[in-house]
There are 2 protein chains.
Amino acid sequence: MAAQQLTKNQSLVLDALHHADGPLSAYTILDKLRDHGFRAPLQVYRALDKLLEFGLIHRLESMNSFVACAHPDHQHHHDHGVTAFAICEDCGQVTEMHDEAMEERLTVLAGKQHFKTEKTTIEIRGHCQNCTAE
Amino acid sequence: MAAQQLTKNQSLVLDALHHADGPLSAYTILDKLRDHGFRAPLQVYRALDKLLEFGLIHRLESMNSFVACAHPDHQHHHDHGVTAFAICEDCGQVTEMHDEAMEERLTVLAGKQHFKTEKTTIEIRGHCQNCTAE
DNA sequence: ATCAATTGCGTTATGCTATAACGTGTGGCA
DNA sequence: TGCCACACGTTATAGCATAACGCAATTGAT
Ligand SMILES: [Zn+2]
Ligand SMILES: [Zn+2]
Ligand SMILES: [Zn+2]
Ligand SMILES: [Zn+2]
């Protein structure tokens, strides 16, 4: 599955996420796209589902919202392994992190339980560097 | 803050979670406790908030539900560090895991970003040993 | 004992998040 | 041509969470 040609709705949603300075909820996206003809939540959710499938965006479980993937070559659909997110509770900024050692550790953890991993969520809530400086 | 005396509502909610064989949503708990006088979601959410604060239960972000802490000495309020959950998508069973190395790795990751961690969520979705056997 | 502050409680109403169900249109292909 | 897969639009509904109000019980000074 290579660089997928996005539909109009999918492109609009992806653009909205790219131009946002933080994660957006589905309903916030809906409001941003009303001028482009969006009327109902499903138009957003259907696009989000596809974008998630293509690996172009991520869902932040702890805040029911979505961010564009920070991976530079996001046109190429390739799983970029486990992702950890640092989410600032002050400014809302999200940092996407990848770490081989962490991934390895998770594999070991799951292995101990003979658990077959499908998807891993790691979200760190706290305060970013900017918001910590006093 | 030591072994907290729970209120009636808090005890009822905690018992419901202890007797459940998997995570429960707030509304499921509400239904289970209607015979005990519960009528509204807030009665449940308020109890859940306190139980979370006491460290007696955990919230599973990826499924909007709650589980009793599996830590044996859950009467003593002491943070038991970062918790990772393995959630079976077939049978709903949840396994609570603790791993020093994992915790260390996350500390390093956050440190690189000069990020001050408040709370960490780790949830592994997949299939448990029982549900993998064919 | 009394007052004030805190905490829990019950109720009603509301808001936010997500999906079910139905029908339409379009493009690819046997 | 007929069929299928897929995206789309719309309405309705389900599921999750909190705001706001008032009351009651508790605590801890004064
Ligand atoms: Zn990414
Ligand atoms: Zn910040
Ligand atoms: Zn625990
Ligand atoms: Zn299972």
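All chains are named by letter (A, B, ...) in the order of the sequence lines, taking the proteins before the strands, and each is independently numbered beginning at 1.
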Q: Any residue in residues 19-33 of chain B with a heavy atom nearer than 4.0 angstrom to DNA chain C? Just list them by number, or reply none.
A: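 When residues 19-33 of chain B is checked for heavy atoms under 4.0 Å from DNA chain C, there are no hits whatsoever.
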
Q: For the residue pair Ile87(B) and Ser62(B), establish whether any side-chain heavy-atom pair is separated by less than 4.5 Å.
A: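 Yes. Closest side-chain heavy atoms under 4.5 Å.
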
Q: Consider only side-chain heavy atoms of I, L, V, M, F, W and Y, link residues closer than 4.5 Å, and tell whether Met63(B) and Leu24(B) are in one cluster.
A: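 Hydrophobic grouping puts Met63(B) apart from Leu24(B).
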
Q: So does Arg125(B) pair up with Glu123(B), basic N to acidic O under 4.0 Å?
A: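 Salt bridge flag = no for Glu123(B) with Arg125(B).
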
Q: Could you tell me how far apart Met63(A) (CE) and dA17(D) (P) are, to the nearest whole angstrom?
A: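 One finds 15 Å between P of dA17(D) and CE of Met63(A), rounded.
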
Q: Taking only the side-chain nitrogens and oxygens of Lys50(B), find out if one of them lies under 4.0 Å from OP1 or OP2 of dG8(C).
A: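 Yes, within the criterion.
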
Q: Are OP1 or OP2 of dG9(D) and a side-chain N or O of Asn9(A) less than 4.0 angstrom apart?
A: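 Yes, within the criterion.
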
Q: Can you run down the salt bridge (Lys or Arg N to Asp or Glu O under 4.0 Å) pairs that involve residues 98-107 of chain B, sequence neighbours left out, and say none if there aren't any?
A: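 Passing the test, one end in residues 98-107 of chain B: Asp99(A)-Arg105(B), Arg105(A)-Asp99(B).
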
Q: Reckon Asn64(B) has a side-chain N or O less than 4.0 Å from the OP1 or OP2 of dA17(D)?
A: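 Yes, within the criterion.
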
Q: Using whole Å, report how far CG of Leu6(B) lies from C1' of dG8(C).
A: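 Leu6(B) atom CG is separated from dG8(C) atom C1' by 13 Å.
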
Q: dC16(D), OP1 or OP2 - any side-chain N/O from Arg59(B) closer than 4.0 Å?
A: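 No, Arg59(B) has no side-chain N/O under 4.0 Å of OP1/OP2 on dC16(D).
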
Q: Of the residues in residues 36-45 of chain B, which ones touch DNA chain D at a heavy-atom distance under 4.0 Å?
A: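 Within this stretch, Leu42(B), Tyr45(B) sit under 4.0 Å of the strand.
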
Q: Once side-chain hydrogen bond (donor to acceptor under 3.5 Å, both in side chains) is applied, what residue pairs with a partner in residues 19-32 of chain B remain, sequence neighbours excluded?
A: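 Listed by first then second residue: Ser25(B)-Thr28(B), Asp31(B)-Arg34(B).
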
Q: Please step through side chain to side chain contact (heavy atoms under 4.5 Å, CB included) for the pair Leu6(B) and Leu51(B), ending with a clear verdict.
A: CA-CA 9 Å; Leu6(B) 299 182; Leu51(B) 294 172; 4.1 Å; yes

Q: If you look only at pairs with a residue in residues 85-131 of chain A, which of them pass as a ring-ring contact (aromatic ring centres under 6.0 Å, His included), with sequence neighbours excluded?
A: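 Of all non-adjacent pairs touching residues 85-131 of chain A, those that pass ring-ring contact (aromatic ring centres under 6.0 Å, His included) are His58(A)-Phe85(A), His71(A)-His98(A), His80(A)-His98(A).
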
Q: Rounded off to whole Å, could you give me the CG-to-P distance for the Leu12(A) and dA7(D) pair?
A: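 That distance rounds to 15 Å.
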
Q: Rounded to the Å, how far apart are Asp49(A) CG and dT19(C) P?
A: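 Going from Asp49(A) (CG) to dT19(C) (P), I get 7 Å.
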
Q: Between C1' on dG22(D) and CZ on Arg46(B), what's the gap in Å once rounded to a whole number?
A: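 Rounded to whole Å, this separation is 11 Å.
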
Q: So does Thr7(A) get a side-chain nitrogen or oxygen closer than 4.0 Å to the phosphate oxygens (OP1/OP2) of dC6(D)?
A: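 Answer no for this pair, as no side-chain N or O of Thr7(A) is under 4.0 Å from OP1 or OP2.
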
Q: Flag the pair Val13(A) / Lys50(A) as yes when at least one side-chain heavy-atom distance between them is below 4.5 Å, and no otherwise.
A: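 A side-chain contact is absent here, since even the closest heavy-atom pair is not under 4.5 Å.
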
Q: Donor-acceptor pairs under 3.5 angstrom involving side-chain atoms of residues 37-45 of chain A: please list them, not counting sequence neighbours.
A:
unit_1	atom_1	unit_2	atom_2	d
Gln43(A)	OE1	Arg39(A)	N	2.6
Gln43(A)	OE1	Ala40(A)	N	2.8

Q: Gln5(B) CD to dG8(C) C1': how many Å, rounded?
A: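 Answer to the nearest Å: 14 Å.
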
